[in-house]
Amino acid sequence: MSDPLDRRDELERTLELAAAEACAYLTGVGSDLVQPPGSAELLAGVGGELPRHGEGAPAAITELARLAREAATRSGGPRFFHFVTGGATPAALAADWLTSTLDQNVVAWVSSPLGTRLEQVAIDWLRQLFRLPEEFDGVLVTGGTMANFTCLAAAREWCAERAGFSGAEDGLAGSPQIPVLTSGYVHASAMKSLALLGIGRANVRRLARDARGRLDLGALADGLASLDGGPAIVIANAGEVNAGDFDPIDQMADLAERYGAWLHVDGAFGLFARVSPRSQALAAGSERASSVSADGHKWLNVPYDCGFAFIRDDRWRRGSFTEQADYLPPLDSPRPVFSYQAPESSRRARALAVWATLRAYGAEGYRAMVERHLDVAAHLASRVDAEPAFELLAEAPLNIVCFRWRPPGVPEEELDALNTQLGEALLEDGRVFAGTTMFEGRVAFRPAIANWQTREGDVDVLVDVLTELGERLLEGRPVESLEGP
Ligand SMILES: *Cc1c(COP(=O)(O)O)cnc(C)c1O
């Protein structure tokens, strides 16, 4: 029989199997190829007809572990520099196992006092870690996108009230537009959030003064002045994804105060600059915002998925997210109801991993990790700068290094195509992963360092592998293209 109830004696054996496989996987995660060769073919063969009779848990988990060994992207390892990707600290990972074991539903206190209390503590510890004032409180969500969404939903309700309506109650049809002003650094997920909130992507004014997207502060002042005291949302970007640069948050806070706008800071990874005295000035002014968002599964190194939304004024924490039904707690429940502050209703106990990693390593542990990453990024920037075949394209103030391959003798107009090819070759090779982007109109690499295990030697591998693959690419090129047409 394959009824799970009839197979419940498999439980212990299956968990032991999973633990053994997890340990083996994690032992190799630093030295295995980031993407094992042949994984696409292997994965294409998975699927087919739904099994009629199950084979039981040990067989299913054994098969899953084989697929993991042969096809999992080692993105939790120290040589994955694509996107902005963290790993999972041992404390966070073990807590995440227990999260699934306990299977708490953190709708409200009544469904999980443990999950609710640890979420309160986790949010408060994060607030302290990021040196945000005590008025800030918040909620855990699935990531930076939902953290932006949650904060911008509060901003929408704040703007709507000042314009005489409620977005959550009345909807936005027929209402005045809510102006959104930001720099060219605005993240794609903030745009997605504004689309979901009915504010609309096309309604965002990106006030950039150059091709990089840096804020035109004068245009922001003029834009806010032209609203004649009407409400607006200003989005400041703490950590932009191409080079880890920051908007001038303090100056934006001055303008938001002067003209009465809601200032939201998207600090998905950049908020972690505040964890070290060496980098905290970059994100100065975040403490003056109305809302601040950040990611847990990036630099905090807890497993997917985790983000946090901080909102300063308690009045705006719930607006769009309350829900009423006879079986749910009343809105004025004396106990916390996190589902009234978040997009999700049933909610995973994400707080357990956050709590455990902060309990295990503390503020000083996170400071040490962030400072190591600052050093690793600086080391990578100086190596790239010293190599004649590479060109550093921007200063690296935080944990992202933006550069391109520029072998001597290759004309400028061929560099974009070459860097694109080199980027593809790097992913194909699999020893180390980094992605490409467009920086000031040029194809560039933008490795981001956010994994707790990453050390200097790992970024040396990146430079060495790029050099080796680049030389191979040049060897394969027809000679006439080297000399021009
Ligand atoms: C990654 C990122 C986000 C989105 O976060 P997800 O966790 O991917 O949803 C938002 N803003 C910035 C600046 C980011 O780097």
Side-chain angles (χ1 to χ4, degrees), residues 73 75-76 80-88 92 96 126 130 138-153 155 180 182-197 201 204 206 208 212-215 233-247 249 252 263-274 279 282-283 285-286 289 291-310 342-344 348 350 353-354 370 373 377 396-402 434-435 437 439 446-451:
T73 312
S75 48
F80 189 91
F81 305 121
H82 211 335
F83 311 107
V84 182
T85 305
D96 193 68
L126 289 167
F130 298 128
V139 64
L140 297 179
V141 291
T142 54
T145 304
M146 273 297 129
N148 276 332
F149 177 81
T150 303
C151 292
L152 291 169
V180 183
T182 186
S183 74
Y185 285 169
V186 64
H187 192 263
S189 73
M191 303 297 286
K192 183 197 272 198
S193 301
L194 292 164
L196 287 167
L197 286 164
R201 294 188 174 97
V204 177
R206 299 178 202 229
R212 266 177 84 163
R214 276 184 277 220
L215 177 71
I233 301 171
V234 173
I235 300 178
N237 305 286
E240 145 286 336
V241 291
N242 276 341
D245 197 13
F246 286 68
D247 279 335
I249 306 169
M252 295 169 88
L263 177 67
H264 169 62
V265 174
D266 178 353
F269 61 93
L271 199 62
F272 285 78
R274 296 173 68 88
S279 47
L282 293 167
S286 307
S291 59
V292 178
S293 60
D295 251 315
H297 50 228
K298 288 180 180 168
W299 223 343
L300 191 66
N301 280 262
V302 302
Y304 294 98
D305 43 22
C306 182
F308 2 102
F310 292 103
E344 307 87 2
R348 181 174 175 80
R350 293 187 187 88
V354 175
V370 165
H373 291 163
L398 196 67
N399 63 335
I400 302 181
V401 182
C402 188
T437 187
F439 185 79
R446 48 151 315 278
I449 293 130
N451 183 292

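Every number for a ligand or one of its atoms is a count from 1 in the order of the listing. Computed from a predicted model, the values in this text were never measured in an experiment.
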Any side-chain heavy atom of N399 sitting closer than 4.5 Å to one from F81? no
Just jot down the side-chain hydrogen bond (donor to acceptor under 3.5 Å, both in side chains) partners of S286, sequence neighbours excluded, or say none. none
Atom pair CD1 (I235) and OG (S291), whose distance is rounded to the nearest 0.5 Å: 8.5 Å
Quick check on side-chain contact (heavy atoms from CB on, under 4.5 Å): which of L300, I400, D295 does F269 satisfy it with? I400
In chain-and-number order, ligand 1 lies under 4.0 Å from a heavy atom of each of G143, G144, T145, N148, H187, S189, G239, V241, D266, A268, F269, D295, H297, K298
Tell me, please, which residues at least two apart from H82 pass side-chain hydrogen bond (donor to acceptor under 3.5 Å, both in side chains). none
Using the ring pair (Phe, Tyr, Trp, His ring centres under 6.0 Å) criterion, which residues pair with F439? Sequence neighbours excluded. none
